[in-house]
Amino acid sequence: MLPDPTHHDQTNRTLPIPKTAMSTDTPTLSTETRTKLGTRYNRRLRSAGRLPAVVYGHGHDPMHVSVDTRAFHAILDHHSHLVEVNVDGKPQPCLIKDVQYDHLDRDPVHADFAIVNLDEEIEIELEIVLKGEPAGLSEDGAALSQPMNTIVVKTKANNIPESITQDVSAMNVGDQVHVGELTFPDGVSTDVEDDLLVCQVVIRQEQPDPEPVDELEEPGVIGEGEEPGPEEAGSSD
């Protein structure tokens, strides 16, 4: 596990540049060192358009920084996993290890960047994207179900695909795709069990209409509408 940055001192150190060059397609983030930490200062940063973040990993002390919020949003929108983070003018290849969001689960409030060696094999969770429209959806009531939306894969840090895609256009009703049938890019593999279900085309079960409920007769008031008995009729006292 990577070290918890909250349990280290606040000493910033210049980290070595990995030997392998970054791809020209890798997005870049510039940082500013945070000299003050805490909730109040983080709120001020966010109000100024900066996102609090920490850079750590490979045995180095955490570096508390901030990045431009709009630039970080753009990276998330492009589903990038590997980022070149410039710390004190030195480029560091990093994985976006964790993103914390606000209470509405909409806007990022903090990010963790884990330093990696581009030649090392890592594990990362990727989205499974289904491409095409299954042929079986032409049948009445047919639907595509996807119980598994993400999968943990192993690959080198400089070979991370945006997602794992699977063509489902040839699937008919009753067809299934399991992990062992997924198509992985070169250099990407998984240790997830082959027989786990990824998606299937099924016929939706129609829900029966609820049976009508008989209206209950309104209970009458005891004695209401009853003829008086002989004793009651003959009594005048």
Side-chain angles (χ1 to χ4, degrees), residues 1-3 5 12-34 42 44-102 104-131 149-166 184-190:
M1 293 181 62
L2 291 169
N12 290 334
R13 288 165 43 178
T14 302
L15 306 179
I17 303 175
K19 296 180 180 179
T20 305
M22 297 281 286
S23 167
T24 55
D25 297 330
T26 304
T28 301
L29 275 177
S30 296
T31 68
E32 295 179 2
T33 300
R34 286 189 288 147
N42 287 346
R44 290 179 182 176
L45 280 172
R46 287 190 286 268
S47 297
R50 306 289 300 177
L51 179 71
V54 64
V55 181
Y56 60 96
H58 275 279
H60 296 282
D61 293 332
M63 304 182 69
H64 301 276
V65 300
S66 69
V67 299
D68 183 81
T69 300
R70 288 186 178 180
F72 186 72
H73 265 292
I75 289 173
L76 293 181
D77 290 343
H78 283 84
H79 306 285
S80 300
H81 302 285
L82 187 67
V83 184
E84 184 179 80
V85 180
N86 286 319
V87 183
D88 293 334
K90 303 292 181 67
Q92 306 293 342
C94 295
L95 290 179
I96 302 176
K97 194 67 175 179
D98 184 53
V99 180
Q100 298 174 25
Y101 290 85
D102 61 12
L104 297 176
D105 201 27
R106 182 182 60 188
D107 296 322
V109 296
H110 191 276
D112 286 11
F113 297 100
I115 302 166
V116 294
N117 185 318
L118 295 178
D119 288 328
E120 72 176 307
E121 186 176 72
I122 62 169
E123 286 192 345
I124 187 169
E125 186 175 13
L126 299 179
E127 181 183 8
I128 300 175
V129 177
L130 305 182
K131 297 290 187 180
N149 295 290
T150 63
I151 188 169
V152 176
V153 301
K154 296 191 301 183
T155 186
K156 287 188 175 182
N158 61 357
N159 188 46
I160 304 172
E162 180 179 313
S163 60
I164 301 300
T165 60
Q166 180 66 29
F184 293 96
D186 291 341
V188 180
S189 62
T190 184

Undergrad: Applying side-chain hydrogen bond (donor to acceptor under 3.5 Å, both in side chains), name anything that partners H110, two or more places apart in sequence or on another chain.
TA: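 H110: side-chain hydrogen bond (donor to acceptor under 3.5 Å, both in side chains) contacts with D112.
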Undergrad: Would you tabulate the side-chain donor-acceptor contacts of residues 68-78 under 3.5 Å, counting partners in other chains and residues two or more places apart, or write 'none'?
TA:
{"residue": "D68", "atom": "OD2", "partner": "R70", "partner atom": "N", "Å": "3.2"}
{"residue": "D68", "atom": "OD2", "partner": "A71", "partner atom": "N", "Å": "2.9"}
{"residue": "T69", "atom": "OG1", "partner": "G49", "partner atom": "O", "Å": "3.1"}
{"residue": "T69", "atom": "OG1", "partner": "L51", "partner atom": "N", "Å": "3.4"}
{"residue": "H78", "atom": "ND1", "partner": "A74", "partner atom": "O", "Å": "2.8"}

Undergrad: Test your reading of the model: is there a side-chain donor-acceptor pair from R34 to the backbone of P52, 3.5 Å cut-off?
TA: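 Checking the backbone N and O of P52 against the side chain of R34, no donor-acceptor pair under 3.5 Å is found.
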Undergrad: Nearest 0.5 Å, what's the NE2-CG distance between H81 and L126?
TA: 4.5 Å
Undergrad: Got D98 and Q100 here, is their nearest side-chain heavy-atom distance under 4.5 Å?
TA: yes
Undergrad: Can you name the closest pair of heavy atoms from I96 and S80 and give their distance?
TA: CD1-O, 3.6 Å
Undergrad: If you take all heavy atoms of V99 and P108, which pair is closest and at what distance?
TA: CG1-CB, 3.9 Å
Undergrad: What pair of heavy atoms forms the shortest contact from I122 to A157, and how long is it?
TA: CD1-CA, 4.0 Å
Undergrad: Nearest 0.5 Å, please: how far is CZ in F184 from OG1 in T165?
TA: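 That separation rounds to 10.5 Å.
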Undergrad: If I take atom OG from residue S163 and atom CD1 from residue I151, how far apart are they, to the nearest 0.5 angstrom?
TA: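 One gets 12.0 Å once the value is rounded to the nearest 0.5 Å.
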Undergrad: Shortest non-hydrogen contact from S30 to R50?
TA: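 Shortest heavy-atom separation between S30 and R50 comes out as O-NH2, 4.2 Å.
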Undergrad: Whether the T150 and E125 side chains hold a donor-acceptor pair (N or O, under 3.5 Å, no angle test) is what I'd like checked.
TA: yes
Undergrad: Assess the residue pair L95 and I160 against the criterion (side chain to side chain contact (heavy atoms under 4.5 Å, CB included)); give the C-alpha distance rounded to whole Å, side-chain angles, the decisive distance to 0.1 Å, and a yes or no.
TA: CA-CA 10 Å; L95 290 179; I160 304 172; 3.4 Å; yes
Undergrad: Rounded to the nearest 0.5 Å, what's the gap from CG on D88 to OG1 on T31? Could you check?
TA: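 So the gap between those two atoms works out to 6.5 Å.
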Undergrad: Any chance you could lay out the side chain to side chain contact (heavy atoms under 4.5 Å, CB included) test for V116 and L82, step after step, and finish with the verdict?
TA: CA-CA 9 Å; V116 294; L82 187 67; 4.0 Å; yes
Undergrad: Roughly how far apart are D61 CG and Y56 OH, rounded to 0.5 Å?
TA: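 Going from CG on D61 over to OH on Y56, the span is 13.5 Å.
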Undergrad: On a heavy-atom basis, which atom in H58 and which in N117 lie closest, and how many Å separate them?
TA: NE2-N, 3.4 Å
Undergrad: Taking all non-hydrogen atoms of both residues, which atom of F113 and which atom of A53 are closest, and how far apart?
TA: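 Taking every non-hydrogen atom into account, CE1-CB, 3.7 Å.
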Undergrad: Spell out, as yes or no, whether a donor-acceptor pair under 3.5 Å connects the side chain of D102 to the backbone of D105.
TA: yes
Undergrad: When rounded to the nearest 0.5 angstrom, what distance separates CD in E120 from NZ in K156?
TA: 10.5 Å
